[in-house]
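Have a look at the structure below, then the notes.
Numbers for residues simply follow the sequence, beginning at 1. Given the structure is predicted, the values throughout are model-derived calculations rather than measurements.
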Amino acid sequence: MTTRLLVTCPKAIAPILAGEIRALGLPVKRELTAGVESEGTLRDCMKLNLWLRTGHRVLYLVSDFMAPNADALYAEVLRIPWEEHIAANGYVSIETSVENPTIRDPRYAGLKCKDAIVDRIKEKAGRRPDSGPLTDRTVLFLYWKGDRCSLYFDTSGEPLSRRGYRKIPLKAPMQETLAAAVVLETGWDGDGHFVNPMCGSGTLAIEAALVGTGRAPGLLRDNFGFMHILGFDAAAWKKLRDEAKAAPDKKPKGRIIATDISAEAVEAAKKNAAAARVDHLIESGVCDFAETPVPDGPGVVVFNPEYGERLGETKSLIPVYRRIGDFLKRRCQGYRGYVFTGNRELWNKVGLKPAHARTFFNSNIECRLLEFEVY
């Protein structure tokens, strides 16, 4: 059945996500602050979960209804034929986003929703499914604002940002979906070189390798929420995966280089790249960022330096940002340079005028991806 789909994403990434959805052949009905509305079937949800790089969750609408309070919510949810969607011996988890004056704690709304679901299934099938916080089985999402409710199946289950390759995350890693958005925003698609000094646990370089080869990031996972909905079409899912596996990898024409001054970080980046099955595409090395190899030819250089989240750190980082600017000017002629930072005071310390500044959010921190053309 075709219904409304809501694909969530980090704030400010919706335009990039909308481009991905269109490229997969699905319509874009509306762009939101942290998501994109589309429409499609459960099979379309499988495709989105398999291929999206910047989406967090693919939500499939079950029902829209009005509910002024918790009792009305229970009554409306009880009307839905859950026995057709959730196994009596299964497991269900409820996630919520609630803005209703009668509800003080959103967990209470989730409890009433869960009660209606399991009560309905017990009445029809003679047994109640288990429920709890686990999101690796059947997951529902309740959006309740004022009197209006929308209830969705979360066909992703675990967020799509959890690709499964980050075995060693290290300190404050960039989320996979955000890293993919940064790579896509640079326009890098494998034709030039991708150079990533200060690589940390390697997320940017790994996402660049996935983009550069055209690989479906969902192939790295073996569990999604849609697999636990009754009627799951296992044959259709196998066909989608087989098609994605059979698609020939693009071979990046440029090199992907990732360095860090920390040997521990580089070792973690190598292990994460191996888990993502792209370690053969990434050249890793331990060095100060200023010693990072920069091959001849066009490409992009992407920095994700620390940006001083605690008081007093900004001053100590000023020399680092100045050295980044010097590196770009002296070593990266013919490249496009990018610096991702969440500290406004450090933007102008690079010593180059940005040609463009794109807003992103790293969790709740407003950040900029500063682009520098280096002649």
Side-chain angles (χ1 to χ4, degrees), residues 5-21 23-24 31-36 38 45-60 93 95 97 133-137 139 141 152-186 196 199-211 213 215-227 244 268-269 271-273 275-278 302 304 340 342 358-367 369:
L5 306 181
L6 174 61
V7 186
T8 66
C9 64
K11 287 170 65 177
I13 288 180
I16 300 173
L17 174 60
E20 286 197 88
I21 291 172
L24 291 171
E31 291 183 22
L32 309 170
T33 302
V36 175
S38 181
C45 290
M46 296 182 197
K47 187 176 183 181
L48 292 170
N49 278 290
L50 180 62
W51 283 101
L52 287 180
R53 303 183 189 281
T54 61
H56 270 181
R57 300 179 184 275
V58 181
L59 306 177
Y60 177 90
S93 177
E95 301 283 327
S97 176
L134 300 178
T135 56
D136 60 350
R137 285 165 256 186
V139 183
F141 176 71
Y152 299 87
F153 274 119
D154 182 346
T155 67
S156 303
E158 295 286 334
L160 296 179
S161 57
R162 297 178 188 169
R163 310 270 202 249
Y165 64 70
R166 188 182 284 171
K167 305 301 181 185
I168 307 176
L170 297 183
K171 175 187 173 184
M174 180 180 280
Q175 198 170 50
E176 290 90 327
T177 42
L178 177 58
V182 168
V183 173
L184 293 174
E185 181 67 15
T186 69
N196 178 211
C199 69
S201 58
T203 310
L204 273 166
I206 293 168
E207 292 297 325
L210 293 173
V211 169
T213 55
R215 293 187 189 178
L219 286 174
L220 297 170
R221 281 177 46 167
D222 57 10
N223 183 58
F224 294 89
F226 59 76
M227 296 176 173
K271 290 181 178 178
N272 292 338
R277 300 191 286 276
V278 294
V302 184
N304 177 29
F340 185 92
R358 170 75 157 79
T359 300
F360 287 95
F361 283 83
N362 188 356
S363 186
N364 292 321
I365 302 172
E366 184 176 338
C367 301
L369 179 66

* Asked: Looking at side-chain heavy atoms only, is the closest gap between Val58 and Cys45 below 4.5 Å?
  -> yes
Those residues at least two apart in sequence (or on a different chain) that pass side-chain hydrogen bond (donor to acceptor under 3.5 Å, both in side chains) with Arg53 are none
Rounded to the nearest 0.5 angstrom, the CZ-CG distance for Phe153 and Leu59 is 12.0 Å
Problem set entry | Any Val7 side-chain heavy atom under 4.5 Å of Leu52 side chain | yes
Thr8 meets the side-chain hydrogen bond (donor to acceptor under 3.5 Å, both in side chains) criterion, sequence neighbours left out, with none
CZ (Phe360) and CD (Glu185) are apart, to the nearest 0.5 Å, by 4.5 Å
Nearest heavy-atom approach of Pro10 to Phe361 is CB-O, 4.5 Å
Across all chains, not counting sequence neighbours, the side-chain hydrogen bond (donor to acceptor under 3.5 Å, both in side chains) partners of Glu207 are Arg163, Tyr165
Any side-chain heavy-atom pair of Cys9 and Thr177 under 4.5 Å: no
Taking every heavy atom of Gly35 against every heavy atom of Ala14, the minimum-distance pair comes out as O-CB, 3.6 Å
Test side-chain contact (heavy atoms from CB on, under 4.5 Å), reference Val183, set Asn196, Thr203, Val211, output is Val211
For Leu6 and Leu32 the tightest heavy-atom approach is CD1-CD1, 3.7 Å
Does a side-chain heavy-atom distance below 4.5 Å link Met174 with Asn362? no
Residues Cys367 and Phe340: closest non-hydrogen pair is CB-CZ, 3.6 Å
Rounded to the nearest 0.5 Å, the CD1 atom of Ile16 sits from the OG1 atom of Thr54 at a distance of 6.5 Å
| message | Could you check whether any side-chain N or O of Asp136 sits under 3.5 Å from a backbone N or O of Asn223, counting only pairs where one atom can act as donor and the other as acceptor? | response | no
When every non-hydrogen atom of Pro159 is compared with those of Arg57, the smallest separation belongs to CG-NH2, 3.4 Å
> Would you say Thr155 and Met46 make side-chain contact, with heavy atoms under 4.5 Å?
Replying inline: no
Sorted by chain and residue number, the salt bridge (Lys or Arg N to Asp or Glu O under 4.0 Å) partners of Arg137 (sequence neighbours excluded) come out as none
When every non-hydrogen atom of Ile206 is compared with those of Ala273, the smallest separation belongs to CD1-N, 3.5 Å
Rounded to the nearest 0.5 Å, the NZ atom of Lys11 sits from the OG1 atom of Thr359 at a distance of 10.5 Å
_Hydrogens and angles aside, do Glu158 and Thr135 bring a side-chain donor and acceptor to less than 3.5 Å of each other?_
yes
### Message
So Leu160 and Asn49, do their side chains get closer than 4.5 Å, heavy atoms only?
### Response
yes
- Message: If you apply the rule side-chain contact (heavy atoms from CB on, under 4.5 Å), what do you find for Val182 with Arg358, and how did you get there?
- Response: CA-CA 9 Å; Val182 168; Arg358 170 75 157 79; over 6 Å; no
The salt bridge (Lys or Arg N to Asp or Glu O under 4.0 Å) partners of Arg215 (sequence neighbours excluded) come to Asp249
task = Using modelled atom types only, decide if a donor and an acceptor are shared between the side chain of Glu31 and the backbone of Ala18 within a distance under 3.5 Å.
result = no
Residues passing the ring pair (Phe, Tyr, Trp, His ring centres under 6.0 Å) test with Phe224, sequence neighbours excluded, are Phe226, Trp237
Can you tell me if Ser201 and Arg166 form a side-chain donor-acceptor pair at under 3.5 Å? no
